[in-house]
Amino acid sequence: MTPSSDSDPIYDLVVIGGGINGCGIARDAAGRGLKVLLVEKGDLAGATSSASTKLFPGGLRYLEYFEIGLVRKALIEREVLLRAMPHISWPMRLVLPYHKDMRFDSETPTSRLLSTIMPWMKGRRPRWLIRLGLFLYDHLGGRKILPATRRLDLDHAPEGGPLQEHFKTAYEYSDCWVQDARLVVLNARDAEARGARVLTRTAVTEARVEGDHWRVSMGEDSVRARALVNAAGPWAAEVVRDVLHKNTGASIRLVRGSHIVTRKLYEHDKAYFFQGTDGRIIFAIPYEQDFTLIGTTDAEHSDPDTPPRCSEEERDYLCAFASGYFKRAVRPGDVVWTYSGVRPLYDDGARSATAATRDYVLDLDTSAGAPVLNVFGGKITTYRKLAESALHKLAAHLPMQGDWTAGVALPGGDFPVDGVPDLIADLRADYPFLTQRWARRLVQAYGTEARAILGEAASADDLGADFGATLTAREVDWLIAHEYARTPEDVLWRRGKLGLHLDAGQVAWLSEYMARVQSRAA
């Protein structure tokens with residue numbers, strides 16, 4: 001333990017964990033006037049928060065688990081957040097194909113109830129049940145921006161073109177797309193702009209209570225804090241045990257979700273919601289303009305320190321699942337990239353990983369003399385509400401201002417929710433060397449801040465080295481200076497997904513460039 005010193009900095013709140021929950025809490029707390037330190041042992045969004053299905057959903061499938069409150073909360077929040085970040089999140093229509101002979105091996109509460117009162121319906125999701133679920137999905141959250149559900153005739157609708165011919169009907173409903181890792185970084189940036197300190201690649205090694213505050217050690221350095229938040233995601237239980245040296249009744253269930261990415265499987269811009277005979281569902285989603293994203297699986301994951309990988313079995317499962325719907329079979333050889341994330345779900349005793357609740361639990365412990373709030377579970381759609389709830393829990397222990405985040409734009413998101421096309425057009429008018437694709441990528445990553453990156457550039461040459469796929473030295477410099485990027489992986493796989501487009505030589509060139517920039521700055 002680092003020796004105590006009354007000269008160590010004192011913070012109102014130290015947040016452990018730089019995923020979406022930790023960064024969301026840090027932003028909210030800083031905006032309430034608290035002195036905040038956020039500490040992340042790796043890169044921001046380095047684990048779960050960069051490995052989602054990239055949807056910003058209300059959670060249609062959770063209606064089958066009677067998680068009405070969770071779905072309603074997510075649906076309301078979906079539109080609140082869409083207004084705050086129209087550059088990195090946008091509406092997406094999802095197509096749910098239906099066939100009357102579909103059968104499902106499902107153990108959801110809805111399927112058990114249906115089998116009890118209507119035994120002849122065992123293994124089916126009848127048309128009326130799907131329509132009821134979509135009606136609730138349309139109306140639970142007071143939808144204002146997003147269009148309502150509609151029925152599609154797949155014999156005539158373009159959405160039927162990629163699907164096998166026995167699918168005649170589908171239902172099209174609304175959800176949202178989100179660039180998950182960028183959402184995390186923008187929350188961290190906004191927290192810092194409001195006075196928080198953000199430390200990445202810094203591990204909290206120990207935290208102990210001294211009097212009425214915590215002493216938090218990070219290697220040889222330490223700070224004092226009036227309160228702690230443990231938002232370490234998959235490592236939350238380890239932080240409780242090994243850093244705080246405490247016990248808690250709450251526990252984490254680690255569930256691995258794997259995804260595959262193929263070359264584009266169809267031309268339109270809508271996603272598909274596919275129901276499996278095993279009771280699970282997957283999505284097929286247009287991805288990064290040239291690809292299709294398919295996922296996810298649900299598998300138990302025993303150790304947070306074991307990096308999650310998409311197994312061959314999971315890859316083959318997703319290929320076979322999608323092939324049950326698409327005319328063109330999806331084969332393992334079509335897969336250009338896979339990724340996996342570990343979702344730290346609150347362990348509610350559910351029998352399967354799929355059935356485990358996605359809602360969050362906030363465990364406030366004041367027994368040691370200074371408060372620590374442990375965050376268990378949660379989902380990306382409700383991160384802002386989780387942050388509000390966390391600050392409400394701590395309000396009795398820290399002097400703070402009231403709620404403020406609803407409707408407040410994240411960096412670059414200060415434009416209308418339907419304003420992306422105009423922003424792209426204006427950017428191309430002022431920077432004629434930008435292609436449509438390049439301008440669109442910049443706007444959907446940086447929003448109004450794209451101009452800060454481009455500056456006074458009159459040509460592409462003014463932006464410095466071109467590493468490929470429109471990634472220039474000027475943009476890399478911005479990511480290093482403003483978005484905590486330190487490695488090519490930070491740039492290519494978390495601040496964006498340009499890693500899908502660059503070859504090994506281009507990545508090596510980027511690595512050399514970043515090393516030189518950071519060496520000069522040291």
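This chain uses plain numbering: 1 for the first residue, then up along the sequence.
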Between the side chains of [X] and [Y], does any donor sit under 3.5 Å from an acceptor?
X	Y	answer
Arg343	Thr48	no
Asp180	Ser49	no
Tyr484	Glu40	no
Trp235	Asp305	yes
His482	Glu449	no
Thr470	Arg441	yes

Salt bridge [X]-[Y], side-chain N to carboxylate O under 4.0 Å:
X	Y	value
Glu388	Lys385	yes
Glu206	Arg215	no
Glu172	Arg93	yes
Arg27	Glu192	no
Glu489	Arg494	yes
Arg201	Asp490	yes
Glu77	Arg384	yes
Asp43	Arg486	no

Practice task
Quick one: do Tyr360 and Phe376 satisfy ring-ring contact (aromatic ring centres under 6.0 Å, His included)? Show the steps, please.
Solution key: CA-CA 6 Å; Tyr360 55 80; Phe376 299 100; over 10 Å; no
Practice task
Test Arg83 against Ile145 for side chain to side chain contact (heavy atoms under 4.5 Å, CB included), laying out the working first.
Solution key: CA-CA 9 Å; Arg83 290 184 173 94; Ile145 298 173; 3.5 Å; yes
Kindly indicate whether the side chain of [X], heavy atoms from C-beta on, has any atom under 4.5 Å from the side chain of [Y].
X	Y	result
Val372	Leu244	yes
Leu134	Leu60	yes
Met218	Thr205	no

Problem - Trp214 and Arg226: CA distance, side-chain angles, deciding distance, side chain to side chain contact (heavy atoms under 4.5 Å, CB included) verdict - result: CA-CA 6 Å; Trp214 290 92; Arg226 296 184 176 90; over 6 Å; no
Exercise for the section: Scan Asp175, Thr381, Thr382 and name whichever one has a side chain to side chain donor-acceptor pair (under 3.5 Å) with Arg78. Expected result: Asp175
Handout entry: Heavy atoms from other residues, nucleotides or ligands near CZ of Arg428 exceed 12 (cutoff 6.0 Å)
Key = yes
Handout entry: Derivation of the side chain to side chain contact (heavy atoms under 4.5 Å, CB included) call for Lys497 and Trp337
Key = CA-CA 11 Å; Lys497 290 294 182 287; Trp337 181 51; 4.0 Å; yes
Completion exercise
Taken to the nearest 0.5 Å, the spacing of Leu454 CG from Leu427 CG works out to 5.5 Å
Problem - Main-chain N/O of Met514 paired to Gln518 side chain as donor or acceptor, under 3.5 Å - result: yes
Exercise for the section: Establish, yes or no, whether the cationic atom of Arg451 lies under 6.0 Å from the six-membered ring centre of Phe415 and within 45° of the ring axis. Expected result: no
Problem - Ring-face cation of Lys270 near Tyr173 (centre distance under 6.0 Å, axis angle within 45°) - result: no
Exercise for the section: Carefully, step by step, assess His259 and Phe283 under the rule ring-ring contact (aromatic ring centres under 6.0 Å, His included). Expected result: CA-CA 10 Å; His259 303 76; Phe283 299 96; 9.5 Å; no
Practice task
Please name all residues satisfying side chain to side chain contact (heavy atoms under 4.5 Å, CB included) with Ala227, sequence neighbours left out, ordered by chain then number.
Solution key: Leu13, Pro371, Leu394, Leu398
Practice task
Report the C-alpha separation of Tyr137 and Thr149 in whole Å, then their side-chain angles, then the decisive distance to 0.1 Å, and conclude whether the side chain to side chain contact (heavy atoms under 4.5 Å, CB included) test is met.
Solution key: CA-CA 9 Å; Tyr137 205 65; Thr149 297; 6.0 Å; no
Exercise for the section: Name all residues meeting the ring pair (Phe, Tyr, Trp, His ring centres under 6.0 Å) criterion together with Phe467; count only those two or more places apart in sequence or in a different chain, and write none if there are none. Expected result: Trp509, Tyr513
